[in-house]
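Heads up: the structure comes next, in structure tokens.
Indexing begins at 1, ligand by ligand and atom by atom, following the structure's order. The structure displayed is predicted, hence computed values, not measured ones.
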Amino acid sequence: MTTRSVAAQTHVAQRRDVEAKAIQVGLIGLGTVGAGTFHVLQRNQAEIRGRAGRGIEIAMVAARNAERAKAYQAIVGDGLPCVGDAQQLVDNPDIDIVVELIGGIEPARTLVLKAIANGKHVVTANKALLALHGGEIFALAREKGVTVAFEAAVAGGIPIIKALREGLTANRIEWIAGIINGTTNFILSEMRGKGLDFATVLKEAQRLGYAESDPTFDIEGVDAAHKLTLMSAIAFGVPVQFGKAHVEGISSLQATDIKYAEQLGYRIKLLGITRRRENGIELRVHPTLIPASRLIANVEGAMNAVVVQADAVGTTLYYGKGAGAEPTASAVVADLVDVTRLATADPDHRVPHLAFQPDAMSDTPVLEMAEVHTAFYLRLVVADQPGVLSRITTILAEHDISIDAVLQRPGAGGTPSGGRAEGEGPTDLIILTHDTVEGRMNDALAKMQGLPTVLAPIVKLRKEELA
Ligand code: HSE
């Protein structure tokens, strides 16, 4: 027998020894997703073992403090240790994989880094942590030869990370547009369906448990931007750079604009968009008009959906629940199975954290918003006088901005049929443009805003055909 085949047989024997034993998991946090993970792992134990090739066992649960640990003990039963100090869990030499489900930056960051330093694999649903500190965390994981898996961090139960990183690996990805925050999609669906204003619907969403008591991260687009930043890094092989994302939420969106958009054949969604351009990458979250005929425009309530445009496959759409106990647990357990399958593999042969090999990452810049290409919806409140429309269209023409559609409706004080004489009151003038550069549009808007016949701040929304 050659030296090489003896070594190979020894490796196989060692591997079998390791694989005969269930992989040991430490779970930090037993809130909604943690409890969901615990229950899914228990319920589907046999199937999961069959897929992973060995058992996946929770060996320890950790809470933020002793009081919570006691409450967790009641959920998991007496056979499983629940500790009030997560440090104890990440230092436990028997644990192979640490699952971090406490969210937020600290103490999650310290615990994740310590787990990695201790040679443990990490599974996390923490989008904020990775969007802000992914560079540091992935670098340490590479150094220590461990995996950091984060399917649950983006779009809950939808396996979009797997799709982008592995399923679409043959493709050059061109753009991604996603509804990746369920709270805001629920609010927008209700505003459109019931004609209600933002504040009323937010209160209702809080009552129903769709929105948190402090909804800032959701309604201001921050949660969506965390998720978009991760998808963009994987799609384009760039570092995670949340700080460069344009983040705009829905709190100032008016029911009037949802209504006018609908009259023009569009729906307004909070989209996360990342797109490859010749001079850089667009990375932006904002309310966006999209044609009502697009599948993604019809994603309603708290559901999530992501459209990916890639050169070989064309357009693909991923739809499902972006939050909730078991949908998110589905993603956490999928990562546990992936990590378990590859735990004994050479780290260089595992799937890279951000899809591209570290030496193949690109430094393509993230574009400033002024450089972004998009179309616009403008709503101007104007005096109903001769020449007003022509002055506005002249300004657009001077900035080389082409008009797609114009709608004029009586503004506040007008009757629904428009039955009012000229000059009696303000008029809403809605203009849709074709694609332009945002900086150019901003210059044109400044000029329009200075016209004495423009009576209120101009509403500017972006419009994407997603063709
Ligand atoms: N709060 C998020 C949402 C789910 O509303 O979609 C977790 O990121």
Which pairs of N or O atoms, one from ligand 1 and one from the protein, are separated by less than 3.5 Å, and what is the distance for each pair?
| unit_1 | atom_1 | unit_2 | atom_2 | d |
| --- | --- | --- | --- | --- |
| ligand 1 | 1 (N) | Asp218 | OD1 | 3.0 |
| ligand 1 | 1 (N) | Asp218 | OD2 | 3.4 |
| ligand 1 | 5 (O) | Asn181 | ND2 | 3.4 |
| ligand 1 | 5 (O) | Gly182 | N | 3.4 |
| ligand 1 | 5 (O) | Thr183 | N | 2.9 |
| ligand 1 | 5 (O) | Thr183 | OG1 | 2.5 |
| ligand 1 | 6 (O) | Gly182 | N | 2.7 |
| ligand 1 | 8 (O) | Lys127 | NZ | 2.8 |
| ligand 1 | 8 (O) | Asp223 | OD1 | 3.0 |
| ligand 1 | 8 (O) | Asp223 | OD2 | 3.4 |
| ligand 1 | 8 (O) | Lys227 | NZ | 2.8 |

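With respect to Lys269 and Glu464, no salt bridge is recorded, no charged nitrogen being found less than 4.0 Å from a carboxylate O. Taking the charged nitrogens against the carboxylate oxygens, Arg462 and Glu438 do have a contact shorter than 4.0 Å, which makes a salt bridge. Contact check on Arg109 versus Glu106 returns a salt bridge, with a Lys/Arg side-chain nitrogen under 4.0 Å from an Asp/Glu carboxylate oxygen.
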> Is there a side chain to side chain donor-acceptor pair (under 3.5 Å) between Lys460 and Asn442 once you walk through the steps?
Replying inline: CA-CA 9 Å; Lys460 172 187 92 173; Asn442 290 343; 2.9 Å; yes
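Listed by first and then second residue, the salt bridge (Lys or Arg N to Asp or Glu O under 4.0 Å) pairs involving residues 156-175 are Lys162-Glu166, Lys162-Asp338 (not counting sequence neighbours).
Taking the six-membered ring where tryptophan is involved, the planes of Phe138 and Phe150 are tilted, since the angle between them lies from 30° to 60°.
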